[in-house]
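Computed from a predicted model, the values in this text were never measured in an experiment. Note on naming: letters A, B, ... go to the chains in the order of the sequence lines (proteins, then strands), and numbering restarts at 1 for each one.
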Protein chains: 2
Amino acid sequence: MTTNDRPRRGPGRPAKSEAGDTKAALVDAALRLFAQNGFAGTSIRAIAREVGLSESALYAHFPSKKAIHEAAMRVAGPLVAVVALEETPAGAGPAEFIRAFTDRVVTAWDTPRARQAIGLAVRDGLIHDDGLKEGIDGALRGLAGVFARWIEEGRIRDDLGSPEDLAYALLAPIAHARLMGLHGEATAGQRGDARRRMTAHAELFARAVTVPPSGGDR
Amino acid sequence: MTTNDRPRRGPGRPAKSEAGDTKAALVDAALRLFAQNGFAGTSIRAIAREVGLSESALYAHFPSKKAIHEAAMRVAGPLVAVVALEETPAGAGPAEFIRAFTDRVVTAWDTPRARQAIGLAVRDGLIHDDGLKEGIDGALRGLAGVFARWIEEGRIRDDLGSPEDLAYALLAPIAHARLMGLHGEATAGQRGDARRRMTAHAELFARAVTVPPSGGDR
DNA sequence: ATTATCTATAGATCTATAGATAATGC
DNA sequence: ATTATCTATAGATCTATAGATAATGC
């Protein structure tokens, strides 16, 4: 179970040589355990032991259990992919953009940190948190803005639904695959499945929204 | 907080008049609390108190905390919507079928029981459970079968992706909306948003997959 | 003196059990 | 006698604090 099993220290300040970044190690262990077992299911004892410390050493770094949970959430970082949207060059055509955007999201979400972060969010009800909801809505609006321009320019179909609905049709399946397959406890196989599902959906979506070559039945 | 506040009983067997179905009331309270706070975040004390009992009265009905959690999961019932698929008449056209199927799923998922069930699944990691994954895959396969037939018959587009990918493109956004908006703590407004999102997506999907009227640009 | 650890412990809370008590149904 | 409740309590575990100890950096 214990990923990080440094030897238990003796009393007193540790020698310079063996004095690692304890605080960072604690946050790391906390992130992992909270994501796995939730807030109530994780004791500060378990966190301290994972790093090879006594419980009270933890209290020298964080004033309370809540504080270390908050620290873990901070390093987990933002859960949504607004950044990926801003970073994707919109110059290319719709299909290329959709592919590039999805690739960025998939890469960002398949890091160990991001996988633990989503576990944390799911376990402790943050998935029903207003902050997360606003983040998602922001990402949807950003994507909808891009789609709205393309609809105006006649580069994607205007008869399917609102730009917002289109954005949802692209993003939701990707987000769903993340929840099901890019979490902290996912095996390499599950992660591969999730990534394939994401890119496959992006391709399907790109084909569905781009204006079909007009004329000629069959 | 307490939804069910019957008066606390005295010692001894309660009179027939005030002897409700305690076991059912316990499971009900347990489902609500486990969904809200997770397994570790819910004490048997809290469950008993919610029903107006002492902790030990609970142990007369269930041998352990785990047992009452399992009972709660059983009444929560299956999480996925294979039933909805079987119940939807496939005789109608693709668009009608997609609409009818989605309506059934939405209705099934917006019951208080189903909303608590999804909270339970999310909170205690069942979302990453193999059983649930198999249920989802089963629903996807069933839907994919319907789509495969329609593709053969030329009633929906064959150039978007595999029947499985199509099934995912329809189901995942609906499942995602459920997670975000049809859970135990969702307000009426959030639930309405989620339902609208589901039906809007079904409409978009139906338009995207049906074969476009051929011929004539613009 | 400060920092980072330890041991020991207080006080709360948690699961579970033992034994008492009172209504029910035979 | 059985059933459904209670009170009391054991024993484990949890968060948090107090005070000791030893290395560091001035």
Side-chain angles (χ1 to χ4, degrees), chain A residues 1-2 4-30 33-34 36-72 123-124, chain B residues 1-2 4-30 33-34 36-72 123-124:
Chain A
M1 280 299 142
T2 311
N4 193 340
D5 32 44
R6 339 180 180 182
R8 191 165 179 106
R9 292 166 191 69
R13 182 170 185 163
K16 202 167 43 170
S17 57
E18 52 161 322
D21 190 347
T22 306
K23 190 161 189 163
L26 281 170
V27 173
D28 206 69
L33 290 173
F34 282 136
Q36 234 172 80
N37 314 114
F39 182 81
T42 303
S43 67
I44 58 137
R45 194 162 298 182
I47 299 170
R49 209 156 280 174
E50 184 95 350
V51 180
L53 290 184
S54 69
E55 299 102 277
S56 33
L58 187 150
Y59 279 97
H61 295 276
F62 300 94
S64 69
K65 185 183 180 183
K66 202 173 165 232
I68 194 169
H69 187 250
E70 281 162 9
R123 283 304 180 108
D124 287 324
Chain B
M1 278 298 141
T2 309
N4 193 340
D5 31 46
R6 341 181 181 182
R8 190 165 181 106
R9 293 168 190 68
R13 182 171 187 164
K16 203 169 39 168
S17 58
E18 52 162 322
D21 189 347
T22 305
K23 191 160 190 165
L26 282 170
V27 173
D28 205 69
L33 290 172
F34 282 135
Q36 232 171 81
N37 312 114
F39 183 80
T42 302
S43 67
I44 57 137
R45 193 162 300 182
I47 300 169
R49 207 155 282 172
E50 185 93 349
V51 180
L53 290 185
S54 69
E55 299 102 279
S56 34
L58 187 150
Y59 279 96
H61 295 275
F62 301 94
S64 68
K65 185 183 180 183
K66 202 173 165 234
I68 193 168
H69 186 250
E70 280 161 11
R123 281 305 178 108
D124 286 324

*Take the protein atom CZ of F62(B) and the nucleotide atom P of dT5(D), then report the distance between them rounded to whole Å.*
12 Å

_Out of dT5(D), dC6(C), dA16(D), whichever nucleotide has its closest atom nearest the side chain of L53(A)_ = dC6(C)

*Which one, dT7(C), dC6(D), dT15(C), comes nearest to the side chain of S54(B)?*
dC6(D)

_Is any side-chain heavy atom of V27(B) closer than 4.5 Å to one of F62(B)?_
yes

*asked:* Looking at dT13(C), which nucleotide sits across from it as a Watson-Crick or G-U wobble partner, both distances under 3.5 angstrom, or is there none?
replied: dA12(D)

*In whole angstroms, how far is the P atom of dT17(D) from the CG atom of L58(A)?*
12 Å

*Between atom CD1 in I47(B) and atom C1' in dA16(C), what is the gap in whole Å?*
14 Å

*Could you check which nucleotide pairs with dA23(D) in any of the strands shown, counting Watson-Crick or G-U wobble with both distances under 3.5 Å?*
dT2(C)

_Gap between atoms CZ and C1', on F34(A) and dT15(D) respectively (whole Å)_ = 12 Å

*Atom CG of N37(B) to atom P of dC14(C): distance rounded to whole Å?*
12 Å

*If each of K65(B) and R45(A) is mapped to the nucleotide of DNA chain C with the nearest heavy atom, which maps nearer the 5' terminus, i.e. the 5' end?*
R45(A)

*Give a yes or no on whether the backbone of F39(A) and the side-chain of D124(A) come within a donor-acceptor separation of less than 3.5 Å.*
yes

_Flag side-chain contact, heavy atom, 4.5 Å: D21(A) against K23(A)_ = yes

*Base, sugar-phosphate, or nothing: which does S56(A) touch, judged by heavy atoms less than 4.0 Å apart?*
base

*Counting side-chain heavy atoms from CB outward, which of dT5(D), dT15(C), dT15(D) is closest to S43(B)?*
dT15(C)

*Answer whether the closest heavy-atom distance between the side chains of D28(B) and V51(B) falls below 4.5 Å.*
no

*asked:* Please tell me if H61(A) has a side-chain N or O lying less than 4.0 Å from either OP1 or OP2 of dT5(C).
replied: yes

*Out of dT17(C), dC6(D), dT5(C), which nucleotide sits closest to the side chain of Y59(B)?*
dT17(C)

_Nearest listed nucleotide, side chain of E55(B), among dT7(C), dA16(C), dT5(D)_ = dA16(C)

*asked:* Taking the minimum atom-to-atom distance to the side chain of I44(A), which one of dC6(D), dT13(C), dT15(D) wins?
replied: dT15(D)

*Does any non-hydrogen side-chain atom of F34(A) lie less than 4.5 Å from one of K65(A)?*
yes

_Distance in angstrom units between I68(B) CD1 and dA16(C) P, rounded_ = 11 Å

